[in-house]
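Take a look at the structure below.
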Amino acid sequence: MSTWKWTAPWSPAHLMPRWRDLRQAGPLSFTIRFGLLRVMPTMAAPVIGFLIARGTPISIPAWGVIAAVYVFLSVMWSCLTWYSCEARWHASTSPDGTPD
């Protein structure tokens, strides 16, 4: 029986094989590259597509609030994922296998 498990391309498990390179680029680069350019469109597309398809009239300030919410969620995801990957990386490189 196969134990195949799908992971999102931006999940910590998927990012770990290239974490050394991502780590060298720094947290700001990681937030822009993954949080804002990959995760935010994936989270926002269904909701925005639904609103547009329904023809719901939304004012410009309301669109700004929607955008701000998704930017906030993406930045939070980036911070949490960065620290999760850092902890995994430190645990995998420490001699006794425990994080610092």
Side-chain angles (χ1 to χ4, degrees):
M1 178 174 214
S2 175
T3 58
W4 181 80
K5 180 181 173 188
W6 183 83
T7 60
W10 51 80
S11 69
H14 195 270
L15 294 172
M16 287 312 294
R18 55 192 173 138
W19 185 246
R20 185 181 305 270
D21 297 331
L22 293 173
R23 188 173 191 263
Q24 287 177 352
L28 181 61
S29 172
F30 180 79
T31 299
I32 293 169
R33 185 174 172 190
F34 286 94
L36 298 177
L37 297 178
R38 293 186 184 187
V39 173
M40 187 173 67
T42 304
M43 286 191 306
V47 172
I48 292 173
F50 176 74
L51 293 173
I52 291 170
R54 282 192 65 204
T56 307
I58 299 176
S59 65
I60 297 297
W63 280 113
V65 169
I66 292 170
V69 166
Y70 283 111
V71 167
F72 172 76
L73 291 173
S74 298
V75 169
M76 289 305 300
W77 172 88
S78 298
C79 293
L80 294 172
T81 303
W82 176 270
Y83 288 110
S84 173
C85 288
E86 276 291 296
R88 288 179 183 212
W89 186 76
H90 282 294
S92 70
T93 57
S94 69
D96 58 357
T98 58
D100 293 336

key: Derivation and outcome, ring pair (Phe, Tyr, Trp, His ring centres under 6.0 Å), residues Trp77 and Trp82   = CA-CA 8 Å; Trp77 172 88; Trp82 176 270; over 10 Å; no
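Applying the ring pair (Phe, Tyr, Trp, His ring centres under 6.0 Å) criterion to Phe34, with sequence neighbours excluded, gives Phe30.
By the rule that hydrophobic residues join a cluster once side-chain heavy atoms approach within less than 4.5 Å of another member, Met16 and Tyr83 end up as members of one cluster. By the rule that hydrophobic residues join a cluster once side-chain heavy atoms approach within less than 4.5 Å of another member, Leu80 and Val39 end up as members of separate clusters. Linking ILVMFWY side-chain heavy atoms closer than 4.5 Å, directly or via other members, places Met43 and Ile52 in a single hydrophobic cluster. Clustering ILVMFWY residues whenever any of their side-chain heavy atoms sit less than 4.5 angstrom apart, transitively, puts Ile58 in the very cluster that holds Val69.
Of all heavy-atom pairs between Pro41 and Leu36, the closest is CD-O, 3.5 Å.
The shortest side-chain heavy-atom distance between Val75 and Met40 does not fall under the 4.5 Å cut-off. At a threshold of 4.5 Å between non-hydrogen side-chain atoms, the residues Ile66 and Leu51 count as touching. Between Thr42 and Arg38 the shortest side-chain heavy-atom distance does not fall below 4.5 Å.
The distance from the CE atom of Met76 to the OG1 atom of Thr81 is 10.5 Å, given to the nearest 0.5 Å. Interatomic distance, Ser74 OG to Ile32 CD1, rounded to the nearest 0.5 Å: 12.5 Å.
Under a cut-off of 6.0 angstrom, the local environment of CZ in Arg54 is sparse, with at most 12 non-hydrogen atoms contributed by other residues, nucleotides or ligands.
Results of the side chain to side chain contact (heavy atoms under 4.5 Å, CB included) test with Arg88 over Ser92, Ser84, Cys85 single out Ser84 as the only residue that passes.
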